[in-house]
Amino acid sequence: GTVAITSTGDDPSIGRELRAPAGTKEVTICARVEGELSSEFHWVTTRSREFSPDKSVRFVMEDSAGQWRTYHVNFQTDSELINLRFHPCHVGGIKVEVAWVTLAKRSLDDSLEAHPRAAQLYRIRAERNMDGQRWEQAAADLAKGLELQASASGYLRLGKLHRIQLGNLEESIALCTEAMRLAPRDDSAVYERGRAYLNLGRYPEAIADFTRAIEINPNKLLYYSRRSWAYRDSGDLENALADADSLVLRNPRSPLGYDARLQIDASRGDWEQARESAEALLSLSAKNYYPLAPMAMVHLSVGDTDAYRKFCRGLLDRHGKTEDPATAGGVVEICTTVPGGVEDPNLLIPLAEKFLAASPEHPANLYPLVTAFYRSGRYAESLEYLNKIVGPNDIGHYAHAWLMLAMTHHQLGHAQEAREGYDRASALLDDLARLDPWSNWWMGRISAELLRREAEELLGIEAARPNGD
């Protein structure tokens, strides 16, 4: 027999419970369709035991001209499949007759060979490539999927990948613009384009996009936070503070407003006010690593090294056995910013190793281990890892590493290499526009300047910078 369904948009569907192992799935549905029908398959797995938008795939069933026709749909599950539902979701009253539905497990390569124009398969392979951090291949697969089946969400996903993983900001802007064309009221696409503009330093465009995103979705606090950031970086501290204050008023329990205030206070050099903002931020985010670094930097900015060292001792007591790699790396960076952060720097080495083990493929992730070894007096080991950062990978924009390299060479008696490392770092710090974007952040600037002063004292170099900076 067959099942006849008239799609009205009011959730008519058919489905059943089943058992199928995790992996790539291919569903084949044999049906007669009167017109072009937008449809979806939804599924439930043992890991997430309810239907949700992220556990679905949309596809189009073309008019079958009165004949029975098979349609193929592919998706991937991360755990055992326990329920599958077919949902014709068109609102135009289109009729579909379903004769049968089959589910098969096929390898992704086999499915692509059988259905080279199935956009879902390229999206699945893109996700696999992203899981493996194969960003270029993921971008190519997402682009191929969009070529076969354009969607606002697909353009947005590819736009994010180009901004975050590939650093292609102009391409990200173009892709987000296309997403906005397909879905003009999608605030997330507008926001994502604003992020790309912000990263490029095109502040008027960034502010305009964040404002538009707020108009579409005024309840999204993150949009006010990013607009405050854009105002601050453009030099408009008045509007930056207005957005920060608005965040605090809208949700006094959210750390976003206090974080925005902290960035503005730091930009002004108002360190006492920054301390208040950092304390408020810390009180609201006590379980997270992020607000700890600003608090430490504020202590150092006002010259309160006693408070800084007390803070570091407490930090090591609370998080010394953390299992979170990001927190582990953060604790090391905070406690090694200046000498004497903790009494026994050797305690920081296991934390740095934990941080590195989470992402060993990124050379910059070696830096916490470098600083932990250096503060522990283990200079040869520090140099070994420094050479992996500034050697074959030549991450020359990482001024902190060059300063640490200069001091390490000095401790090992390598005077010429020490001076060369210092000169390279000093040139970078004198031209902040060439630094890695995070180093343009006030905490990056402060930590770099503290490290430069330490290097100058160690190497016996007389500072020759304006205003004693």
Side-chain angles (χ1 to χ4, degrees), residues 2-7 9 11-48 50-65 67-92 94-129 138 141-155 157:
T2 64
V3 175
I5 304 173
T6 299
S7 177
D11 204 30
S13 62
I14 56 173
R16 61 164 293 177
E17 294 181 352
L18 47 82
R19 290 283 178 177
T24 304
K25 303 286 185 291
E26 179 173 292
V27 178
T28 302
I29 180 169
C30 180
R32 286 193 298 211
V33 184
E34 297 177 0
E36 187 175 278
L37 178 64
S38 178
S39 302
E40 291 179 329
F41 273 104
H42 295 259
W43 61 89
V44 177
T45 65
T46 52
R47 183 170 294 177
S48 56
E50 58 184 24
F51 291 103
S52 62
D54 64 323
K55 300 290 187 296
S56 67
V57 59
R58 178 165 289 205
F59 64 104
V60 175
M61 302 176 74
E62 297 175 352
D63 191 327
S64 65
Q67 303 298 310
W68 291 103
R69 178 176 173 180
T70 56
Y71 303 86
H72 304 279
V73 185
N74 299 87
F75 61 93
Q76 182 170 307
T77 66
D78 56 4
S79 57
E80 186 180 15
L81 182 70
I82 58 175
N83 201 316
L84 184 66
R85 178 186 295 174
F86 169 63
H87 173 207
C89 49
H90 200 283
V91 297
I94 294 177
K95 182 179 178 181
V96 56
E97 283 185 276
V98 178
W100 47 264
V101 179
T102 63
L103 175 69
K105 181 177 180 180
R106 302 180 69 165
S107 73
L108 190 55
D109 290 340
D110 287 347
S111 295
L112 274 167
E113 185 176 350
H115 310 293
R117 297 191 59 78
Q120 308 101 314
L121 291 174
Y122 291 98
R123 288 195 289 268
I124 291 170
R125 193 167 70 180
E127 292 296 332
R128 287 189 179 180
N129 280 324
D141 281 335
L142 287 172
K144 180 64 176 179
L146 286 168
E147 178 186 321
L148 296 170
Q149 184 180 13
S151 68
S153 61
Y155 281 110
R157 184 70 190 90

Atom pair [atom1] ([X]) and [atom2] ([Y]), whose distance is rounded to the nearest 0.5 Å:
X     : Y      : atom1 : atom2 : value
Ser39 : Arg58  : OG    : CZ    : 8.5 Å
Ser38 : His87  : OG    : NE2   : 9.0 Å
Cys30 : Trp68  : SG    : CH2   : 6.0 Å
Asn74 : Thr28  : CG    : OG1   : 8.0 Å
Asp78 : Glu127 : CG    : CD    : 11.5 Å
Leu18 : Ile82  : CG    : CD1   : 8.5 Å

Margin query: Give me the atom names and distance for the closest heavy-atom approach of Ala22 to Thr77.
Written below: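 Result for this residue pair: CA-OG1, 3.4 Å.
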Checklist line | Heavy-atom pair with the smallest gap, counting every atom of Leu103 and Ala20 | finding: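 Scanning both residues completely, I find the closest heavy atoms to be CD2-CB, 4.0 Å.
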Check: Asn83 and Glu17: side chain to side chain contact (heavy atoms under 4.5 Å, CB included), yes or no, with the steps?
Finding: CA-CA 4 Å; Asn83 201 316; Glu17 294 181 352; 3.7 Å; yes
Side-chain donor or acceptor of [X] paired with backbone N/O of [Y] under 3.5 Å:
X     : Y     : answer
Ser64 : Val33 : yes
Thr45 : Ser79 : no
Tyr71 : Glu62 : yes

Hey, are the side chains of [X] and [Y] touching, using non-hydrogen atoms and a 4.5 Å cut-off?
X      : Y      : result
Glu26  : His72  : yes
Leu142 : Tyr122 : no
Ser151 : Leu146 : yes
Met61  : Ile29  : yes
Leu81  : Arg19  : no
Gln76  : Lys25  : no

Notebook entry, point to check: Relative to Phe51, does Arg85 satisfy both conditions: NZ or CZ under 6.0 angstrom from the six-membered ring centre, and within 45 degrees of the ring's axis?
Noted result: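 Yes.
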Margin query: For Trp43 and Phe75, take the angle between the two ring planes, folded into 0 to 90°, and tell me which bin it lands in: parallel under 30, tilted 30 to 60, perpendicular over 60.
Written below: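 Rings of Trp43 and Phe75: parallel, under 30°.
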Check: Thr70 and Trp100: side chain to side chain contact (heavy atoms under 4.5 Å, CB included), yes or no, with the steps?
Finding: CA-CA 9 Å; Thr70 56; Trp100 47 264; 3.9 Å; yes
Check: Are any of the side-chain nitrogens in Arg123 or Asp141 under 4.0 Å away from the carboxylate oxygens of its partner?
Finding: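 So Arg123 does not pair with Asp141 through a salt bridge.
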Notebook entry, point to check: Run the side chain to side chain contact (heavy atoms under 4.5 Å, CB included) check on Phe86 and Val101 step by step: do they pass?
Noted result: CA-CA 9 Å; Phe86 169 63; Val101 179; 5.7 Å; no
